[in-house]
Protein chains: 2
Amino acid sequence: MADDTRIRMFRVAGPIFADKGFEGTTVREICAAADVNVASVNYHFGGKETLYLQTVELAHQERLQRVPPAAWPSDALPADKLLIFVTTILNRILGEGNIGWETRLLMREMLQPTEACRPLMEEYVRPQWDQLMGILDELLPTVTTHHVRHQIAFSIVGQCLHYRLANEFVSLLIGDDWQTGAYSVERLAQHITQFSLAAMNGLSEMIQEGESPNLQIPISAAT
Amino acid sequence: MADDTRIRMFRVAGPIFADKGFEGTTVREICAAADVNVASVNYHFGGKETLYLQTVELAHQERLQRVPPAAWPSDALPADKLLIFVTTILNRILGEGNIGWETRLLMREMLQPTEACRPLMEEYVRPQWDQLMGILDELLPTVTTHHVRHQIAFSIVGQCLHYRLANEFVSLLIGDDWQTGAYSVERLAQHITQFSLAAMNGLSEMIQEGESPNLQIPISAAT
DNA sequence: CCTCGATTCAAACAAGTGTATGAAACGCCC
DNA sequence: GGGCGTTTCATACACTTGTTTGAATCGAGG
């Protein structure tokens, strides 16, 4: 069966590419793991690069299927939408429990996009960004400038992404707690949502009082 | 002059390693750029790995010298300390103006630490972490648990790091504005500080009222 | 049973990798 | 200027990389 070997190679190539990246992975390593001949990668995929590309594509679609985009009832409160949104992002990023190879591969592509799958990544990120901006529309005063909205959005996704990107140092800095359930996705999502909602509440007051943020430094409020 | 060639190799190796990483860089490439023989790397450094290690070390120290750790007058208010801290982090991360190769190299090490310079990275990160926790001690109610303090600290550094890590997508999502001065380090620092202070204000009230965060979902406050 | 296309395989290929070698060139002190 | 340790150089080495090749194997149709 030709399909059989192809699938076997996909299954094996995914995690390896995710761990070592495109350049760090050798076709011999993949073939050995899949128990096929080295010539297979060229026969079935036409080269290492095509195999990689199709693997990323596969990861994209599997991820999409396993963790569908955030969704909420039409009558949901904005704050609830935000919690759902953050939870979804965290689930995608941290994996629900264990970290799937799909996420690691996509994250790797996100940090240093291979020229070939940059469009794929845009397609992956853009809808989530639009979704978040929609939520912020409901949470922030209408007078809020685009500039401020963008910065707030980045503050929110920054909090989420940090737990994956700086994972090494998170576990280093706080020790054992990280591995335990003390930092479950639910807990993290609740914290980030609360933190961000409280921040936006404060900022909204300032905005509506005319002290448009970022034009001066009214930071002595919290002492 | 032997020192001359060594320095020339350092100067050239830094940016190349920063761009392509350890594995992606070839000694021939470095030697060609430095206009020295291929044998030089072995003669002067004993191997590619030692050269890399010393390059990272150099980047570490140059960075330390160019952007010294955050410091403030002893009578500074906690909120002012936070602004100074965030500004310093952003300066280190984004470079004051242009992005230096030192930062790119250290960031690369931070995301996937080479086993050899993991201790170096810890030495780089730990003091800043302690500094931030010190500031939070002054800003948060004394009853705040370690767990919550940690999460808040991560929320703050997450906001900062995001602008470097997801740089590709930041400029993608918001378009031209990113390149202009609309997102200067000062502006970003002010936003992140305000955002975080407002968040901590809100959270502090909840904590002192006994609604310890993260144990339930009191998120319908901001609608 | 034979045939023919599709698939697998061992082996080889050319290019590139980090490193080692031994001779040449240099700089300095006597 | 001669001698000598230091530094440079061209070259070669052993190894790995992705890819190619041509023969061997398989599997169904006539």
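Here is the naming used below: chain letters follow the sequence lines, and residue numbers restart at 1 for every chain.
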J.: What's the CD-C1' distance between A:Glu23 and D:dG18, to the nearest Å?
T.: 13 Å
J.: Determine the contact category for B:Val38: base if any of its heavy atoms lies under 4.0 Å from a base atom, sugar-phosphate if only primed atoms, P, OP1 or OP2 are that close, otherwise nothing.
T.: base
J.: Can you say whether the rings of B:Phe154 and A:Tyr163 are parallel (under 30°), tilted (30 to 60°) or perpendicular (over 60°)?
T.: perpendicular
J.: Specify whether A:Phe195 and B:Phe195 have parallel, tilted or perpendicular ring planes, treating 30° as the upper limit for parallel and 60° as the lower limit for perpendicular.
T.: tilted
J.: Rounded to whole Å, how long is the line connecting atom OH of A:Tyr43 with atom C1' of C:dA11?
T.: 19 Å
J.: D:dT19, D:dT8, C:dA20: which one has an atom nearest the side-chain heavy atoms of A:Lys48?
T.: D:dT19
J.: Rounding to a whole Å, what distance do you find between A:Asn37:CG and C:dC9:P?
T.: 6 Å
J.: State whether the side chain of A:Ser196 and the backbone N or O of A:Thr193 hold a donor-acceptor pair below 3.5 Å, judged by distance alone.
T.: no
J.: How about B:Tyr183 and A:His147: are their ring centroids closer than 6.0 Å?
T.: yes
J.: Once you round it to whole Å, what is the distance between C1' of C:dG18 and CZ of B:Phe17?
T.: 12 Å
J.: Out of C:dT17, D:dT20, D:dA10, which nucleotide sits closest to the side chain of A:Asn42?
T.: D:dT20
J.: Find the distance A:Asp4:CG to C:dA6:P and express it as a whole number of Å.
T.: 19 Å
J.: For a quick test of reading the model: is some side-chain N or O of A:Thr5 closer than 4.0 Å to OP1 or OP2 of C:dT8?
T.: yes
J.: Just the rounded figure in Å: distance from P of C:dT19 to CD of B:Glu29.
T.: 15 Å
J.: Got a donor-acceptor pair under 3.5 Å from the side chain of B:Arg28 to the base of C:dG16?
T.: no
J.: Could you give the CZ-to-C1' distance, from B:Phe45 to C:dT19, as a whole number of Å?
T.: 16 Å
J.: Does B:His44 make a side-chain N or O approach to OP1 or OP2 of D:dT8 shorter than 4.0 Å?
T.: yes
J.: Could you tell me whether the side chain of B:Gln159 and the main chain of B:Ser155 form a donor-acceptor pair under 3.5 Å?
T.: yes
J.: Using atom CG of B:Leu51 as one end and atom P of C:dT17 as the other, report the distance to the nearest whole Å.
T.: 15 Å
